[in-house]
Amino acid sequence: MEVRAKMLEWERIRLEQEVEQLSLQKVQLMELLQPLALGVLVVLILVLWLMGCIRSLRREEYEGENNDANEGEIRNGDVNGEGNVENEDDANREEDNNDNGNVQEDGNLAANGEDNMENEVVNEATNGEDNDDALAVHGEDNDFDDNIGRILLERIQLPVQNLQRGCDWTKNLMDNYTVYFGHVLANSFYPVLQRAIGVGSAFEGWSPREQDVVYQVFIPMTPPRGHSFHLELDSAEQRHVRNFRVRVQLECTCSMDQQAENMLCFLHHPEEELRSNQDASLLDTLCTDSYLDVQKTARWFYQLVRAIWPALPQSHNWHLKLLPSSRSCQFQVSNGTESFRIKMLFGVQRGDSDIFVSSQPRESYTQSTAWPETYAVAEMKFFKHIAEQAPHDSLHLKCLQFFTRLVLGFSFSTYSMKTIVMHLLTVVPMSQWRRRDFLLRLVDIINGLHLSVRGKLLDHFIVGNQMLPQVIRLPPDVQQAPPYNLFHHLAEDPAAYSQAIKEYRDLQKKFKRILRGEQ
């Protein structure tokens with residue numbers, strides 16, 4: 001037995017030495033891999049730079065060929081255009097037979113087709129102009145790319161929207177409301193309402209709507225005296241939708257400061273005394289089973305907006321009309337010549353980040369105690385950051401407005417197109433979003449949609465994005481999470497994927513028709 005014990009002890013010592021040796025090897029391997037990863041990153045950056053240089057050279061060669069083109073070649077463009085359409089139909093038929101082909105091969109075809117589409121649109125743009133305009137495009141004293149951009153902007157004819165006027169008016173109204181919220185709710189046990197934050201497309205500087213623009217504002221709520229908010233993840237098993245519940249908890253207020261305000265402690269005073277001497281707690285007004293209720297909170301907002309409106313200076317010249325909504329407070333204000341539709345969302349901040357839980361639902365049905373996670377404030381701050389970097393003549397918002405209007409009537413959501421544009425804004429320098437680059441950026445966006453559909457993958461822009469500007473603050477679980485796929489339904493449903501492929505082809509044809517001036 002003694003020999004057996006010694007043998008076991010030797011075996012234990014040997015195993016410990018092996019574990020230590022393996023750990024040392026792992027550390028050495030990690031030390032070797034770090035410079036290797038850095039080297040791979042540097043090589044990738046150089047490859048991307050080299051590709052950009054090659055693209056620029058090809059572009060200059062193409063411009064030289066077009067500058068030498070004569071009017072006879074311009075007149076023959078229509079014949080070429082018909083041939084391109086026939087080739088496109090043949091390509092579509094071939095693509096129908098290969099819907100489940102290799103995604104990498106599709107990506108290569110899309111990359112090769114980008115220049116073809118660009119060249120085709122350039123030819124069609126010059127063909128569709130009068131002779132004088134066509135000569136101006138090819139003239140030596142005119143910038144070729146800038147003239148192409150001018151022609152395309154004239155053909156697209158995006159509506160002129162004075163969003164800034166509506167945003168400024170809405171901000172002024174909400175600032176007035178915030179002041180009165182503070183007076184009315186002082187010393188109450190309802191949520192404390194913070195200053196409204198403008199979110200959504202209008203406050204980001206674009207809108208797919210020509211009229212009836214909705215100005216969205218988000219109002220953060222903090223707990224009143226004697227209460228605290230605790231966010232509980234309600235749908236951890238659902239990767240694509242993160243819902244939270246806001247648990248309301250009573251806190252002890254027996255300190256001298258609270259007693260000086262004649263406030264009774266909800267935890268340590270008898271219920272009879274509380275009912276007769278103090279207003280009801282938040283648990284008894286806007287909660288369901290200790291959780292903050294979205295629908296009850298929305299009704300409370302409606303009552304506040306209606307009650308405070310007569311005291312606001314805007315009420316003298318504007319008419320207020322409340323609109324129905326179960327999870328927000330929506331109303332319209334008008335003065336006979338102007339009209340603004342405003343949507344008030346509300347929610348609770350996640351720590352000190354730019355991520356909130358919001359009353360805005362993301363599903364057809366959302367329980368009244370469910371508060372979906374929202375990235376609207378972070379996205380608004382991203383567009384604000386981009387605006388600070390962009391030149392005054394940047395067309396990135398017009399690109400976004402064009403595509404969000406283009407996909408109306410298709411299954412592709414405005415949010416998907418916005419996500420594609422946001423990804424491009426992080427990799428394409430802001431100096432390359434001017435009028436001279438307008439065609440290139442439009443082609444980039446349509447190809448980005450193509451690759452996303454074919455690959456059944458479109459990463460969320462905020463969740464898991466390690467390259468966001470530092471001004472955007474994310475909770476650790478959002479920043480470190482793997483990005484979820486906005487096109488996950490295409491990977492899960494073959495019928496949805498086939499439909500998306502078909503719709504993309506129809507969208508691409510519509511896109512080309514608009515750029516050719518055939519709309």
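Basis for what follows: all heavy atoms, side chains included, without hydrogens, waters or symmetry-related copies. All figures in this text were calculated on a predicted structure; none of them were measured in a lab.
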**Item:** Sidechain N-carboxylate O distance under 4.0 Å for Arg195, Asp175
**Value:** yes
**Asked** With no hydrogens and no angle check, is any side-chain donor or acceptor of Thr170 less than 3.5 Å from a backbone partner on Gly166?
**Response** yes
**Request:** Mark yes or no for whether Gln332, through its side chain, and Ser339, through its backbone, hold a donor-acceptor pair below 3.5 Å.
**Result:** no
**Asked** How many angstroms lie between CG in Leu397 and CH2 in Trp206, if you round to the nearest 0.5 Å?
**Response** 9.5 Å
**Asked** Any salt bridge between Arg441 and Asp444, counting N to O under 4.0 Å?
**Response** yes
**Message:** The criterion is side chain to side chain contact (heavy atoms under 4.5 Å, CB included); which residues satisfy it with Leu312, sequence neighbours excluded?
**Reply:** Leu173, Asn176, Tyr177, Tyr180, Ile308, Trp309, Gln314
**Request:** Decide if atom NZ of Lys510 counts as having more than 12 heavy atoms of other residues, nucleotides or ligands within a radius under 6.0 Å.
**Result:** yes
**Message:** Taking Arg454's backbone N and O only, do any of them form a donor-acceptor pair with Tyr504's side chain (distance below 3.5 Å, no angle check)?
**Reply:** no
**Message:** Would the distance check show the side chain of Ser326 and the main-chain N or O of Gln295 forming a donor-acceptor pair, the cut-off being under 3.5 Å?
**Reply:** no
**Item:** Side-chain donor or acceptor of Tyr375 paired with backbone N/O of Phe356 under 3.5 Å
**Value:** no
**Request:** Measure the CG-CZ distance between Leu449 and Phe403 for me, rounded to the nearest 0.5 Å.
**Result:** 8.0 Å
**Prompt:** Out of curiosity, Ile514 CD1 to Arg405 CZ, how far, rounded to the nearest 0.5 Å?
**Reply:** 9.5 Å
**Asked** Are Glu379 and Lys418 within salt-bridge range, i.e. N to O under 4.0 Å?
**Response** yes
**Prompt:** Does atom CZ of Arg473 have more than 12 heavy-atom neighbours, drawn from other residues, nucleotides or ligands, at distances under 6.0 Å?
**Reply:** yes
**Chi angles and distances behind the side chain to side chain contact (heavy atoms under 4.5 Å, CB included) call for Phe487, Leu457** = CA-CA 5 Å; Phe487 282 176; Leu457 175 65; 5.9 Å; no
**Request:** Identify whether the distance between the nearest side-chain nitrogen and carboxylate oxygen of Arg436 and Asp146 falls below 4.0 Å.
**Result:** no
**Message:** Treating Gln349 as the side-chain partner and Ser353 as the backbone partner, does any N or O pair qualify as donor plus acceptor under 3.5 Å?
**Reply:** yes
**Prompt:** Any luck finding a side-chain donor-acceptor pair between Ser416 and Thr419 under 3.5 Å?
**Reply:** no
**Asked** Nearest 0.5 Å, what's the CD-NE2 distance between Gln401 and His396?
**Response** 12.0 Å
**Short side-chain to backbone donor-acceptor contact, Asp493 and His489, under 3.5 Å** = no
**Item:** Value rounded to 0.5 Å, distance of CG in Leu515 from CG in Leu152
**Value:** 5.5 Å
**Item:** Criterion side-chain hydrogen bond (donor to acceptor under 3.5 Å, both in side chains) against Arg242, the qualifying member of Asp234, Thr374, Asp477
**Value:** Asp477
**Request:** Test Asp437 against Val428 for side chain to side chain contact (heavy atoms under 4.5 Å, CB included), laying out the working first.
**Result:** CA-CA 11 Å; Asp437 309 296; Val428 179; over 6 Å; no
**Item:** Electrostatic pair Glu338-Arg165, nearest N-O below 4.0 angstrom
**Value:** yes
**Request:** Check for a donor-acceptor pair, side chain of Arg155 on one end and backbone N or O of Arg516 on the other, with a separation under 3.5 Å.
**Result:** yes
**Prompt:** With distance as the sole test, does Tyr215 use its side chain to make a donor-acceptor pair with the main-chain N or O of Trp169 at under 3.5 Å?
**Reply:** no
**Request:** Look up atom OG in Ser452 and atom CZ in Phe412, then write down how far apart they are to the nearest 0.5 Å.
**Result:** 9.5 Å
**Asked** Trp433 and Phe438: ring pair (Phe, Tyr, Trp, His ring centres under 6.0 Å), yes or no, with the steps?
**Response** CA-CA 7 Å; Trp433 289 85; Phe438 190 49; 9.6 Å; no
**Request:** Just do the salt bridge (charged side-chain N to carboxylate O under 4.0 Å, His left out) check on Arg150 and Glu154 with the steps written out, would you?
**Result:** CA-CA 6 Å; Arg150 174 185 58 81; Glu154 291 174 356; 3.3 Å; yes
**Heavy-atom donor-acceptor pair, Ser334 side chain to Gly336 backbone, under 3.5 Å** = no
**Request:** Test Gln330 against Arg341 for side-chain hydrogen bond (donor to acceptor under 3.5 Å, both in side chains), laying out the working first.
**Result:** CA-CA 7 Å; Gln330 300 190 44; Arg341 183 177 174 183; 3.0 Å; yes
**Request:** Give the intermediate values and the outcome of side-chain hydrogen bond (donor to acceptor under 3.5 Å, both in side chains) for residues Gln499 and Ser411.
**Result:** CA-CA 9 Å; Gln499 179 65 22; Ser411 63; over 6 Å; no
